[in-house]
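Below is one structure, written out as C-alpha cells; comments come after it.
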Amino acid sequence: MPVIALIEHDGITVKKSSYELVSYAARWAAQSGDHAIAVVLGSLSDHGELASHGAAKIVHIADSALDHVDPRQYVSALRAVMQEHGAEHVVLAHSSTGKSISGILTVASDAALIHGINALPADGVFRRGAYSGKALAYYRPEAGPLVITLMGNSVPAEKQDAAGEVINMSPDLPAAQLTRVEVKKVDGDIPLPEASKVVSAGRGMKDPDNWGIIEELAAELQAATACSRPVADTGWRPHHEHVGQTGVAIRPNLYIAIGISGAIQHLAGVNNSKTIVVINKDPEAPFFKAADYGVVGDLFDVVPSLTQAIKDYRQS
Amino acid sequence: MNTLVCISTTPETTAKIAFTGDGTSYDSEGVNYIMNPYDEWYALVRAIEIKEADGGEVHVIHVGPASSDIIIRKALAIGADAAFRVDTEAREAYQVAAEIAAFAKDRDYQVIFTGKETIDHNGAEVAGLLAGMLDLPFVSFANDLQIDGSRATVGREIEGGTEVVSVELPVVISAAKGLAEQRIANMRGIMMAKRKPLEVVQPTEASAKVKVAKYELPPAKSGVTMVEPDNMKELVRLLAEEAKAL
Ligand SMILES: Cc1cc2nc3c(=O)[nH]c(=O)nc-3n(C[C@H](O)[C@H](O)[C@H](O)COP(=O)(O)OP(=O)(O)OC[C@H]3O[C@@H](n4cnc5c(N)ncnc54)[C@H](O)[C@@H]3O)c2cc1C
Ligand SMILES: Nc1ncnc2c1ncn2[C@@H]1O[C@H](COP(=O)(O)O)[C@@H](O)[C@H]1O
C-alpha cells in the first residue's frame, strides 16, 4: 500500500527536511512494490522537488484553514487522503508539527506509533535511539497501519524520479480546536532541530556579552547556535537553544562544542551528531572522549581564528 | 478545578546503560530510578499552582510496578493530593496511554498534564495518544499556560520560537521547560505525603502495538584527532576533506 509523507512548508517553499520524508516514504513503499504520496496541507505555491524525491502523487488540500496546524483538522485531512488512496502508513517529521498530530492520527487510524525513527525498515523492524542516544532500539510494530516520525538528518534525501501527479482535494474539515493567538519568532535564527550545522557554547564563555565570536562563527558556517543548560538557566541564552537530555536532542552533520565540559546529560542530546568538534582549554574535559576532532586551547583565541580559517577556505 | 498529572520514571541520568544477554531488555540491576524531570519540574508544579490559585485537586497517575511507589510519594510530597498507580509493567506508549485513558475517561479533569517526553526514550508519544483516545484537544510542548474560565491560553515551543494558542477545556497538555519553576519537597510535604492516598488501580491489560526486537549499543567512536590551537587551517581542511562536514 502507498506510504504517505506529510510535507512541511512555510507557504512558499517546501522544508528541506520534507524531502527526506518523501524520499524515505518512497523507499519504504518500494520494499513492497508500492509508491509514495506527498500530502501538502494549506496554501503552497510551489511543490519544489517533491516529484524528483520520489512522490508518485502530490495530494494538495489548499484550504487556508490548514495554513496553521490544528491537530484535529490535520488528522481529518490526512485521514481523507488515506481513505481516498488506500494508504496505511504515514511518515511525519520528528518536529513540533509531527509530534502534535502523530498520536491523534494513530488512534484515528487504529495504527501503531513509533517516534524518532533514524533508518529505513529492514524486515519490518524500525530503528531509533533510546536511553538518550546512548543506545539503539529496534522496534517491531504489529501488522497493520503504522505512523512514524522521522528524525531529521538521519536518512538523507535521495533523488528518485517519480510522476509527481498533482491531485487537488477539498474534503470537509471539522472546526479547529486551537485558535492561534500569535507567533513569537526568534529573529534571524536557523531553527535548531532543522540545522545541519550547530555551533554550541557553554559556561566557558564566562559572560553573555562574549557571544559575538560564537555568532560570527555560526554566521560563517550558516549554522544554528545552541548552548549547555546552565547557560540557558542563567538567562545568558534563550531556553530554546538548550541542548541535551532535558533540552533539544539534535543530530546535525557538524556539532562544534565550545567551552562545554561534556557532562553526560549534555552528550545525551548531541552524541548522534555525525561529526563533533570540541574546543576546550582543559585536556581532561570529558567531551574529548566523544569528539571526532579536538582542540585544546583558549576559546577566545581559537574561535576567532577558526572563523578566519573558514573564511579563507571559502575564498580559496 | 481538578487536574491530572501523568508521571513516568526513568533511570537516573548517570545510570550505566546495559542490556540483558539476548539484548531485548534494559538491565535495570542496581539502577536508580527518578521521576521524569519534565513531569516533576514543570507539569506537576504548574498543576499545583493552578490548585493554589483556583482550588480543586491535583491527582497524579503512574502506570508501573510497586517499585515506583517511592517516586509517586515524592509527587505527593511536592504537593499533589492523591496518587493512582495502574499496576502493570507497561513499557510501550500505546499501552500506557490506553491505561490512563481508561482511568481518566469518566473523571472530571480539566487539564491532563504529561511531560514533554520521558528522557530515557525521548518518546513524546503518550500525550498525543491520550488526547486521541479521550477525544480531547492536545497542545504539545507548553512553556506557558494561563487559564481563564473555560478556556486556556497556551504557549507552545515550535521550531525557532513560540506559538500562542487558545483552547477550550478540558485539554491534554505536555509540559516543556519554562511552564513552571522546579519545587523541592520540604519536610512538611514529606510528612503529609505519608497520609495522602496512593491507590492501586487494576489494569485493563491493553495490548502493546510495538515490541522491542533488540537493543544495541552504538558503535564506539574511532577516537579523537587532536589539532593544534594555532593551526585552524588544518582543522578546516580535515572538516572539509575527511569529515565532509563543511
Ligand atoms: C537531571 C539533569 C539534567 C541535565 N540536563 C542537561 C542538558 O540537557 N543539557 C546540558 O547541557 N546540561 C544538562 N545538565 C547539566 C550538566 O550535568 C552539566 O552541569 C552542564 O552540561 C555543564 O555545562 P557547561 O559544560 O557549559 O559548564 P561547565 O561544566 O562549567 O564547563 C565549562 C567548560 O568550559 C571550559 N572552559 C572554561 N574557560 C575556557 C576557555 N577560556 N577556553 C576554552 N574552554 C574553557 C572548561 O574547561 C569546562 O570544561 C543536567 C543535569 C541534571 C542533573
Ligand atoms: N508509565 C507511565 N505512567 C504515567 N505516565 C506516563 C508513563 N509513561 C509516560 N507517561 C507520561 O507521558 C509523558 C511522555 O512520555 P513518553 O511518551 O514516554 O516520552 C511523560 O512525561 C509522562 O507524563
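The sequence lines fix the lettering, A, B, ..., with proteins before strands; numbering per chain opens at 1.
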Go through the atoms of Glu182(A) and report whether side chain, backbone, both or neither lie under 4.5 Å from a heavy atom of chain B. both

Measuring heavy-atom distances to chain B, does Lys99(A) have an atom under 4.5 Å in its side chain, in its backbone, in both, or in neither? both

Contacting region of Arg72(A) [heavy-atom separation from chain B under 4.5 Å]: neither

Would you call Asp144(B)-Lys184(A) a salt bridge at under 4.0 Å N-O? no

Which one of Gly178(B), Gly123(B), Ala131(B) has the most heavy-atom pairs closer than 4.5 Å to chain A? Gly123(B)

Checking Ala223(A) against chain B: side chain, backbone, both or neither under 4.5 Å from a heavy atom? neither

Are Ser96(A) and Glu163(B) packed together at the side-chain level, in the sense that at least one heavy-atom pair is separated by less than 4.5 angstrom? no

Could you check whether any side-chain heavy atom of Glu157(B) comes within less than 4.5 Å of a side-chain heavy atom of Val248(A), counting everything from C-beta outward? no

Heavy-atom distance under 4.5 Å between the side chains of His242(A) and Lys177(B), does that happen here? yes

Option in Thr153(B), Val139(B), Leu239(B) with maximal non-hydrogen atom pairs under 4.5 Å from chain A: Leu239(B)

Given the options Val181(A), Val69(A), Val183(A), Leu178(A), Val165(B) meets side-chain contact (heavy atoms from CB on, under 4.5 Å) only with Leu178(A)

Please classify the contact of Ala176(B) with chain A as side chain, backbone, both or neither, using a heavy-atom distance under 4.5 Å. neither

Give, as side chain, backbone, both or neither, the part of Val277(A) having an atom under 4.5 angstrom from any heavy atom of chain B. side chain

Please identify, among Glu216(B), Glu92(B), Glu168(B), the residue contributing the most non-hydrogen atom pairs under 4.5 Å to chain A. Glu216(B)

Inspect the contact between Asp110(A) and Lys209(B) and indicate whether a charged nitrogen and a carboxylate oxygen are less than 4.0 angstrom apart. yes

Is there a side-chain contact between Thr246(A) and Lys116(B) in this structure, where contact means two heavy atoms from C-beta onward sitting under 4.5 Å apart? no

For the backbone of Ala130(A) and the side chain of His121(B), can you confirm whether one donor and one acceptor N or O come within less than 3.5 Å of each other? no

Heavy-atom distance under 4.5 Å between the side chains of Tyr293(A) and Glu242(B), does that happen here? yes

Can you check whether Tyr94(B) reaches Thr106(A) side chain to side chain, under 4.5 Å on heavy atoms? yes

With only heavy atoms counted, which part of Leu221(A) is less than 4.5 Å from chain B, the side chain, the backbone, both or neither? side chain

Under 4.5 Å from any heavy atom of chain B, what part of Ser316(A) do you find: side chain, backbone, both or neither? neither

Ala249(A) portion near chain B, given a 4.5 angstrom heavy-atom threshold: neither

Heavy-atom check, side chain of Arg128(A) versus side chain of Asn122(B), under 4.5 Å: yes

What pair of heavy atoms forms the shortest contact from Met226(B) to Val295(A), and how long is it? CE-N, 4.2 Å

With the side chain counted from C-beta on, respond yes when Leu129(B) and Val107(A) share a heavy-atom pair under 4.5 Å apart, and no when they do not. yes

One pair to check against ring pair (Phe, Tyr, Trp, His ring centres under 6.0 Å): Tyr26(B) and Tyr131(A). What are the steps and the verdict? CA-CA 9 Å; Tyr26(B) 176 62; Tyr131(A) 296 99; 4.4 Å; yes

Decide whether Ser102(A) and Glu125(B) meet the rule of one side-chain donor and one side-chain acceptor closer than 3.5 Å. no

